[in-house]
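Structure, as structure tokens:
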Amino acid sequence: MHFVVKFFPEITIKSNPVRKRMSRQLKDNLQRLLKQLDDRIQVRKDWEKIDVIAPDAVAHLGERIEEVLTHTPGIANFSRVQQFPLGDLQDIYEKTLGVWGEALAGKTFCVRVKRTGDHDFKSLDVEQYVGGGLNQNTDAAGVKLKNPDITVKLEIRHDKLNVVEQLTQGLGGFPLGTQDPVLSLVSGGFDSTVASYLTIKRGIRTHFLFFNLGGRQHELGVKEVAFYLWNKYGASHRVRFVTVPFDEVVAEILEQVDDSYMGVILKRMMLRAGSVIAKELDVDALVTGEAIAQVSSQTLKNLSVIDSVTDTLVLRPLITSDKTDIIRTSREIGTEEFAANMPEYCGVISVKPTTRAKMEKVENEENRFDFTVLDRAIGNRAMQNIDEVMEDVRGEIPDVEVVAEPHGQVVIDIRHPDEEELDPLELPGTDVETIPFYRLSNAFRKLDGDRSYLLYCKRGVMSKLHASHLLDEGYRNVGVFRPEEPHAGK
């Protein structure tokens with residue numbers, strides 16, 4: 001098998017030193033990735049292209065080689081070719097007939113030739129000679145120069161003839177490792193995963209930073225999608241996955257900060273923590289999945305206030321993207337199912353969030369915040385190589401029992417007090433307690449261990465996350481209350 005890899009056009013217009021550096025990096029990346037398949041696969045580079053040559057003994061790896069080439073940043077397209085020594089026009093026709101003869105049956109076709117080097121014929125001569133021969137000596141439906149069923153592509157490079165069997169579009173972008181690294185804030189949803197993909201595609205080594213607000217199940221889900229992104233698009237370079245436990249930070253915000261400023265201040269706390277970790281990793285920029293006005297904290301005014309908390313550069317690849325475009329990209333890169341099933345932790349939701357945060361008000365609110373809580377969260381961060389996180393994902397996660405109707409269990413309403421007050425949960429004949437989710441971890445251990453408990457929240461997401469977290473800590477008397485029909489607490 002022989003593949004001819006073409007560089008992304010932005011590489012070819014760079015200055016000679018930059019082009020050499022980028023093409024060499026792409027060659028090194030492909031060598032590293034393809035060696036994992038079989039070390040007999042050869043990768044050769046010249047000024048215009050990269051040749052990937054796999055001996056017949058590894059022909060069974062053809063699809064896996066194509067998979068690597070399709071998802072490696074820096075490639076415009078690649079062709080699977082059959083390569084021959086260059087002969088005269090008759091020889092070129094015969095070689096082409098051997099590859100394409102049967103496939104042309106009943107199809108219209110044309111022949112297109114790209115030629116490099118000095119020859120005693122022109123590209124048009126080859127197209128006419130080969131096209132005429134194929135038209136006369138196959139069962140083709142005829143030559144059609146515009147919009148044919150099949151385009152037979154030939155590449156003549158000096159003394160070599162490449163008969164192209166198949167052309168496949170590549171990922172584009174720059175080779176990974178040609179740009180400075182970044183630290184991407186990931187939640188596992190559509191936005192942060194697509195933003196991370198875009199930085200990887202641009203040739204940026206992308207580390208992952210996860211703020212754990214919702215327990216082990218959410219963390220494992222985010223690790224799984226981060227590993228998928230890295231393994232599919234960025235596996236030529238090892239990166240880190242950093243987890244920061246942020247539940248105490250959330251609790252402190254909920255206790256101390258004015259409702260309308262909770263979202264903005266949470267983002268500021270994340271950037272503070274991210275900047276510390278970025279410095280430790282020798283990274284100069286943070287990446288987020290924010291887009292203008294997608295939610296209240298993402299207005300230009302609020303983003304300006306959020307960014308002012310740090311001198312670290314904050315990149316937002318999706319800043320002008322529509323949600324439909326983001327979801328479509330997620331589908332194309334294979335993360336849609338992850339994101340659609342990822343538990344969205346919505347613990348800091350303001351009833352009336354501000355869209356025009358004022359710095360003076362932000363500073364006053366943060367004066368009541370105990371920053372030792374943030375320092376402790378940063379100090380308790382966990383850092384892993386990305387190829388190690390799947391060991392956690394493969395570990396056993398306790399199943400959470402979901403109950404539609406309580407039978408003797410105590411139902412614990414874990415919603416925020418403001419939400420619970422506006423829409424109290426009423427279950428005649430069932431004991432109901434109210435413990436806000438941010439106090440649940442400490443409060444649960446004080447409950448009667450001989451009774452069973454069902455956690456409740458409006459959407460059933462936080463309740464499942466916290467139940468899973470408690471199960472992971474060893475409790476076995478907890479499940480989730482998820483009613484089938486609307487009731488007073490819905």
Side-chain angles (χ1 to χ4, degrees), residues 1-14 18-38 41-54 58-59 61-83 112 114 116 150-155 157 160 162-179 193-206 228-237 239 317 325-326 328-336:
M1 287 179 297
H2 191 133
F3 299 90
V4 177
V5 177
K6 300 295 180 64
F7 303 121
F8 180 57
E10 285 189 49
I11 297 175
T12 64
I13 63 175
K14 298 294 185 185
V18 174
R19 176 171 176 167
K20 288 180 180 178
R21 176 173 61 85
M22 287 190 169
S23 60
R24 183 170 57 250
Q25 182 70 69
L26 178 56
K27 172 181 176 289
D28 292 344
N29 292 351
L30 289 176
Q31 280 184 320
R32 190 175 299 120
L33 294 169
L34 294 172
K35 186 177 181 179
Q36 297 173 15
L37 300 181
D38 195 293
I41 301 173
Q42 300 178 44
V43 181
R44 301 172 182 172
K45 180 186 73 69
D46 60 35
W47 182 248
E48 296 180 337
K49 61 180 173 52
I50 291 176
D51 291 288
V52 175
I53 304 168
V58 297
L61 296 176
E63 290 186 2
R64 295 182 64 184
I65 294 173
E66 292 181 7
E67 180 82 5
V68 169
L69 297 178
T70 302
H71 299 124
T72 298
I75 296 175
N77 59 67
F78 64 92
S79 303
R80 187 178 70 236
V81 306
Q82 290 195 33
Q83 189 173 83
R112 292 288 181 256
K114 289 186 177 181
T116 301
I150 294 176
T151 299
V152 176
K153 295 183 178 182
L154 307 178
E155 294 182 353
R157 295 182 177 275
K160 301 294 184 184
N162 289 335
V163 181
V164 177
E165 295 181 286
Q166 180 177 314
L167 178 67
T168 303
Q169 291 301 308
L171 198 62
F174 291 133
L176 201 64
T178 58
Q179 313 300 318
T193 53
V194 172
S196 300
Y197 159 76
L198 290 175
T199 56
I200 295 171
K201 176 182 174 181
R202 199 61 179 171
I204 303 172
R205 186 181 176 197
T206 302
Y228 170 87
L229 277 175
W230 169 79
N231 189 53
K232 189 164 188 175
Y233 301 104
S236 60
H237 289 69
V239 298
D325 295 331
I326 296 170
R328 182 175 60 252
T329 302
S330 179
R331 184 177 305 124
E332 291 170 352
I333 66 176
T335 60
E336 182 184 26

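All of these numbers come straight from a predicted model, not from anything done at the bench.
Proximity of Ile75 to Leu30: side-chain heavy atoms (C-beta onward) are separated by under 4.5 Å at one or more points. Counting heavy atoms from C-beta outward, Lys232 and Glu67 have side chains that approach closer than 4.5 Å. In this structure, the side chains of Phe7 and Leu26 come closer than 4.5 Å at one or more pairs of heavy atoms. Two residues are said to be in side-chain contact when any heavy atoms from C-beta on lie closer than 4.5 Å; Val52 and Leu69 meet this criterion. Thr329 is not listed as a side-chain neighbour of Thr335, based on a closest heavy-atom distance of 4.5 Å or more. Side-chain contact between Pro175 and Ile11: present, with at least one pair of heavy atoms (C-beta onward) separated by less than 4.5 Å. Using a 4.5 Å heavy-atom cutoff, the side chains of Asp51 and Val4 are in contact. Residues Phe78 and Val68 have side chains not in contact (no heavy-atom distance under 4.5 Å, counting atoms from C-beta outward).
For the pair Asn29 (side chain) and Leu176 (backbone), a donor-acceptor distance under 3.5 Å is present. Remark: the backbone N or O of Trp47 is paired with a side-chain donor or acceptor of Arg19 at under 3.5 angstrom. Judged by distance alone, with hydrogens and angles left aside, the side-chain atoms of Asp46 form a donor-acceptor pair with the main-chain N or O of Glu48 at under 3.5 Å.
Scanning both residues, Gly177 and Gln25, for their nearest heavy atoms gives O-OE1, 3.9 Å. Residue Met1 comes nearest to Leu61 through the heavy atom pair CE-C, 4.5 Å, listed as atom of the first residue, atom of the second, then distance. Of all non-hydrogen atoms in Ser236 and Leu33, the two that sit nearest each other are N-CD2, 3.7 Å. Taking every heavy atom of both residues into account, Ile326 and Val194 meet most closely at O-CG2, 3.6 Å. Minimum heavy-atom separation, Ser196 to Leu229: CB-CD1, 4.0 Å. Residues Val164 and Ser79 come closest through the heavy atom pair CG1-CB, 3.8 Å.
More than 12 non-hydrogen atoms from other residues, nucleotides or ligands lie less than 6.0 angstrom from NZ of Lys27. Atom CZ of Arg32 has more than 12 heavy atoms from other residues, nucleotides or ligands within 6.0 Å.
Here CD of Gln83 is found 4.5 Å from NE2 of His2. Values are rounded to the nearest 0.5 Å. Taking CD of Gln166 as the start and CG of Asn77 as the end, the distance is 11.5 Å to the nearest 0.5 Å. Put simply, NZ on Lys114 and CG on Asn162 are 12.0 Å apart, with the number rounded to the nearest 0.5 Å. Rounding to the nearest 0.5 Å places CG of Leu171 at 7.5 Å from NE2 of His71. Distance check: Arg328 CZ to Glu332 CD gives 6.5 Å after rounding to the nearest 0.5 Å. A distance of 10.5 Å separates CD of Glu336 from OG1 of Thr193, quoted to the nearest 0.5 Å.
Look at Lys49 and Glu155 and you find no salt bridge, because none of the NZ, NE, NH1 or NH2 atoms lies under 4.0 Å from a carboxylate O.
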| field | side chain to side chain contact (heavy atoms under 4.5 Å, CB included) between Glu66 and Phe3, intermediate numbers included | value | CA-CA 9 Å; Glu66 292 181 7; Phe3 299 90; 3.6 Å; yes
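Of the options Leu37, Leu34, Asp38, a side chain to side chain contact (heavy atoms under 4.5 Å, CB included) to Val58 is made by Asp38 and by none of the others.
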